[in-house]
Amino acid sequence: MKTLLDADYIERDGKAVIRLFYKTENGREIEEIEDFRPYFYAIPEDGKIEELKKEIQEIENVISVEEERKIDVQKEIDVLRITVKLPRDVPKIREIVKELKYCKETREAHIPFAERYLINSGLVPMKNSEEIDLKIAAFDIEVYNPRGEPNSDVDPILMISYSDSMGMRRVWTHSIDGIDLKFLEILENEREIIKKFVDTIREREIDIIVTYNGDNFDFPYLKERGRRLNVPIEIGIDGSQVKLERRGMNLGARVRGRPHIDLFPISRQIFNLSKYTLEDVYLEITGREKLDIRVGEMAEIWDSGDREKIKEILKYSMSDADATLEIALELLPLHYALSRITGELIYQSSRAGSGQRVESLLMRRAYERGILFPNKPSDQIVGERQRMSYIGGYVLEPERGIHDNLILFDFRSLYPSIIISYNIDPGTIDCECCKDDSYKTPTGHHFCKKRKGFIPEILKELIERRMKIKNKLAVEKDLRRRKFLDVKQYALKILANSMYGYFGFPRARWYSRECAETTAALGREYIKRTINEVERNGFRAVYGDTDSVYIVLPNETKKEKIVERAKSLLEKINSRLPEAMELEFEGFYPRGIFITKKRYALIDEFSRLIVKGLETRRRDWANIAKETQNDVLMAILHDKNPEKAASIVKDVIRRIKNGEVSLEDLAINTQITRGIGDYVQAGPHIAAAKKAMKRGLEFKRGDIVTYVITKKGSSISDKAEVIDFVKEGDYDSEYYINNQVLPAVLRILEALGYSEDELKGLGKQTTLDLF
DNA sequence: TACCAGAGGAG
DNA sequence: AAATCCTCTGGTA
C-alpha cells in the first residue's frame, strides 16, 4: 500500500522522466517513468488531415504524428496527435503548428507534463492517505522587526518553532540565556537555527509540511535568510531547495516530494470569519483561545532583554506551531478527499479555487471518454465573456415585518438537479437530432434526449457517490470511519455545488453561458411555480430566494395543523417534479422578522436566533452594533418585548457615550479588494491602511484592515485608524451611536411597525438625553 | 440631495 | 481567478 504525495519530471539524457513520489508503509519510494512522451493535438481544416500531417512531420523534434478520433463538444472528429521530444518543445512546436495553413487549432497543448501523465495513467494522489501514517510537521518563524514590517535583507530570524505529528515540539532560538522552557533549544546563531530546521525535516522524514501563510511569508523569508547565510533550504525529498512559484498575485512555496500545505488560504476558503489570523481560525476550530502577542513589539521586547517578556514570545512562538499542526489535522482530511476526487496533486488541490477543482475533475473524466478538452480562453475571450452576463435566481419581495409560525421549503440542490434532469451540457445544447421536439427551455434552447451530456453525467456520478456514502454513514458506528465518510461526502457536495458556477465562469474550458443561463431560468421557473402553488393551497409566501420559500398559513395558530398541511402540500408538489428534483421541508420557525430582500431574522423551535444578511452577520460592522442588534432581535422575536429592546439600546448608547466600550468591540474589518492605487473612491479602510503604511505596516490586496473611528479628524476616513495605533477609549462616540448602533437597531424597530417619526424621536431623544 | 464605487452578504 | 441578486455606506459634486 502506498500513497502518491507529489509528481514532477526531470530531463535526463535528453529525455523527460516522470517522477512519482510515494509514501509506502516502510518509507518513501520514487518511481520513475521513462516511456511517456509529451504530446498535443491539432485539429485539421476540413478534409485536410493528410496535408496537415505531412507538414507537421517536417517539424524538428516532432517524434510522431498520428490520427486519432476524438469527441469535440457535439461531434466526433479526426485529429492529429503530435508527440514531441521534451515538454519544453511543446510551446515552440504548438506555435508553429497553429500557424500552418491546414491547422484549424491546437488542443491540450498547455497541460503541465506531470499532470498530463497523472490524467492519462489514471493515478490518484492521496489514495490510502488515511491508512498510511503520514508524518506532518508544522513550523513558524518569528522575525526581528525594528521598523514595523521586517525586511529579509537585513532583519534576522529570531526563532523557529516546530511541532510534528510524532510529538516533537521545539523552539530554536539564539543569543539568549537563562530561560527555562521544556521545548526551548538555544543555538549558536541564526544560521544554526535554520540549519537545525532543515536537518530536522530531513532526519525525521517528514511527509507533509504545514504552515500558516508559509507561501507568502515564512518560506520566502526563510529562503532569503538561508541564501544570505549560505544555508540553502534543501528540504526536498531529492535534496532540492524549496521553490517559490508564482500563483497569480501570490507565491506558492513548493517542496519536492514533501507537499507544503498553507492553511491560511484554505481557512479563508472554508470559514466565514471577520478576520483570518491564526488565533481566529484556531478559536473557530477548537473553541479555545490561543496565546497571542503584539508582534509589532517583537523587536522592542527582544532588545530589552527582559527575560519574562522574551519567555512570553517563546511560548507564543511554540503555540503558533502547535496551533498550525492542530488546524492541519482538522482540515487536511477534506483536502485529501478533494485531491482524490479531482485527481490533482495535494499541493495544487489545496491551493485551487472552485473553478480549477471542477476543471481538473472534468479533464480526468473527459480523457477517459475520449473527449477533447476545450482550450483555456484567451484574455480577450475572457473579457468578452465577462461582459456577457445573464439573469440569475429569483428573489421574492418579502412581506416586511413580523410573521409567526413560518415554514421553510427549499429545493434540494436545485441547480445540480436541474442540470441532471434537463441534461444541460455544452455537448447536448440545441442538438440537430432533437431540434424538432416540442419542448424548449425558457431560454429557447433544447437539450438532447438521446445522448447523455458529459457534465450531467459527472454530476450524477458525484451525487450518487454522495448518496451511497450517506447511506453508509447512517449505519456506521466507528467514529474514525464516520469522520472519514463524512469528509468524503462533504467533498463531493462541494464539487457538485460548483458545477453550475463553473458553466458561468469566464475562464472555464467548458464555459457555457447558455447552459448557466438556462439552468438559472429553469430555477426561476420552479421557484415561481412553487410560490404560486403554495398560494393556491391557502398558504401565503412571505419571502423566497432562488430555491427557497417561507410560507405562513393565515388564520391557523396550531403548529401541528400547519405542519401537517404543509407536508401534504409538499407531497403534492413533489409528485409533479422531475425525478432528480425535490422540494424539502426545511423547518418550522415560531417567529421571524423580514426587513428587505436577503435581510431577515428567525427564531427556531429551540429558541435559537438565525440572522441572514443583517449587520450582525457582516464583518464590516463593529461588534457593538452587531451585538446590540442581536440582543434587540432576541428581545423582539423571543421575548416579544419591544420595551426591553428599547432599554437595551439606551444602555448601549450610554456606555458608548461614557467611553466604556473596548476597542475590540469598536473594530471594523474591511478587506482591501484591489491595488491601493487602483481605487476610484477609497473608503475609510483604505485611508486607515495608508496611514498605517506610513508608520511601517504593510498592506496589500486581499488583506483585511481592522480599524476604529477615532475622535481626530473631520471626515470618517480622516478618523479611521488601524487598531494597532489606537488607545483604549479613543473613539468617536457620535459615530458609533449614529452610524453603527442606531442604524442597525432602527431597521429592526422600523420593520416592527414603529412609525418613522416615533423612531426619529427615540433616536433623537436618546441622543439628546446623552448630550 | 443624488449618484456611484465599494463591500459583503444570500442562496 | 465558480455564478447573479441585493442592500447599504461613505465620498463626491
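In the text below, chain A, chain B and the rest are named by the order of the sequence lines, each starting its count at 1.
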### Task
Consider only side-chain N and O atoms of Thr518(A) and Glu514(A), and report whether a donor and an acceptor are under 3.5 Å apart.
no

Looking for any heavy atom pair under 4.0 Å, which part of the strands does [X] touch: base, sugar-phosphate only, or nothing?
X         : result
Trp621(A) : sugar-phosphate
Arg619(A) : sugar-phosphate
Ser354(A) : base
Tyr735(A) : sugar-phosphate
Asn739(A) : sugar-phosphate
Ala508(A) : nothing
Gly355(A) : sugar-phosphate
Gly504(A) : sugar-phosphate

Expected rows: protein N/O vs nucleotides 1-4 of chain B N/O, under 3.5 Å:
none

### Message
Contact list please: residues 386-401 of chain A against DNA chain C, heavy atoms, distance less than 4.0 Å, in numerical order.
### Response
Ser389(A), Tyr390(A), Ile391(A), Gly392(A), Gly393(A), Val395(A)

### Query
Is there a residue in residues 334-353 of chain A whose heavy atoms reach under 4.0 Å of DNA chain C, and which residues are they?
Arg351(A), Gly353(A)

### Message
Both atom distances under 3.5 Å, Watson-Crick or G-U wobble: I'd like the secondary structure of DNA chain B as a dot-bracket string, with | for pairs made across strands.
### Response
||||||||||.

### Query
Is the distance between the ring centroids of Tyr550(A) and Phe594(A) under 6.0 Å?
yes

Under 3.5 Å, side-chain donor or acceptor atoms of residues 739-749 of chain A against the rest of the protein: list the pairs with distances, not counting sequence neighbours.
residue	atom	partner	partner atom	Å
Gln740(A)	OE1	Ala622(A)	N	3.0
Gln740(A)	NE2	Tyr735(A)	OH	3.1
Arg747(A)	NE	Glu615(A)	OE2	3.1
Arg747(A)	NH2	Glu615(A)	OE2	2.6

### Message
Can you list everything that forms a salt bridge (Lys or Arg N to Asp or Glu O under 4.0 Å) with Arg524(A)? Sequence neighbours excluded, please.
### Response
none

### Summary
Those residues at least two apart in sequence (or on a different chain) that pass salt bridge (Lys or Arg N to Asp or Glu O under 4.0 Å) with Glu464(A) are Lys460(A)

What is the distance from [atom1] of [X] to [atom2] of [N], rounded to the nearest Å?
X         : N       : atom1 : atom2 : result
Asp620(A) : dA10(B) : CG    : C1'   : 15 Å
Glu750(A) : dT7(C)  : CD    : P     : 15 Å
Ile676(A) : dA5(B)  : CD1   : P     : 20 Å
Arg385(A) : dA1(C)  : CZ    : P     : 17 Å
Ile686(A) : dT12(C) : CD1   : P     : 13 Å
Ile381(A) : dA1(C)  : CD1   : P     : 21 Å
Arg747(A) : dG9(B)  : CZ    : C1'   : 13 Å
Glu586(A) : dA10(B) : CD    : C1'   : 14 Å

Closest to the [X] side chain, choosing from [options]:
X         : options                  : answer
Pro506(A) : dA2(C), dA1(C), dT9(C)   : dA2(C)
His685(A) : dG6(B), dA10(B), dG11(C) : dG6(B)
Pro743(A) : dG6(B), dT9(C), dG11(C)  : dT9(C)
Thr670(A) : dG8(B), dG9(B), dG10(C)  : dG8(B)

About how many Å separate [atom2] of [Y] and [atom1] of [X], when rounded to the nearest 0.5 Å?
X         : Y         : atom1 : atom2 : value
Ile593(A) : Arg599(A) : CD1   : CZ    : 12.0 Å
Leu666(A) : Asp732(A) : CG    : CG    : 10.5 Å
Leu462(A) : Lys493(A) : CG    : NZ    : 13.5 Å

So, are [X] and [Y] salt-bridged, with charged N and O less than 4.0 Å apart?
X         : Y         : answer
Arg507(A) : Asp379(A) : yes
Glu461(A) : Arg365(A) : yes
Asp215(A) : Arg351(A) : yes
Arg701(A) : Asp678(A) : yes

### Query
Which class fits the ring pair Phe373(A) and Trp510(A): parallel under 30°, tilted 30 to 60°, perpendicular over 60°?
tilted

## Note on the structure
Residue set satisfying ring-ring contact (aromatic ring centres under 6.0 Å, His included) with Phe539(A), at least two apart, ordered chain then number -> none

### Query
Between Val680(A) and Arg618(A), which has a closest nucleotide on DNA chain C that is more 5'?
Arg618(A)

#### Entry: Residues in side-chain contact (heavy atoms from CB on, under 4.5 Å) contact with Arg513(A), at least two apart in sequence or another chain
Met388(A), Tyr390(A), Tyr511(A), Glu517(A)

### Counterpart residues, side-chain contact (heavy atoms from CB on, under 4.5 Å), relative to Pro265(A) (two or more places apart)
Asp262(A)

### Message
Expected output is a numbered-order residue list: members of residues 592-603 of chain A with a heavy atom under 4.0 Å from any atom of DNA chain B. What is it?
### Response
Lys598(A), Tyr600(A)

### Message
Under the salt bridge (charged side-chain N to carboxylate O under 4.0 Å, His left out) definition, can you give me all pairs with a residue in residues 263-274 of chain A, not counting sequence neighbours?
### Response
none

### Query
Where is the tightest heavy-atom contact between Tyr736(A) and Ile709(A), given as atom of each residue plus distance?
OH-N, 3.0 Å

At under 4.0 Å, does any side-chain N or O of [X] touch on OP1 or OP2 of [N]?
X         : N       : value
Gln671(A) : dG8(B)  : yes
Arg674(A) : dG6(B)  : yes
Ser717(A) : dG11(C) : yes

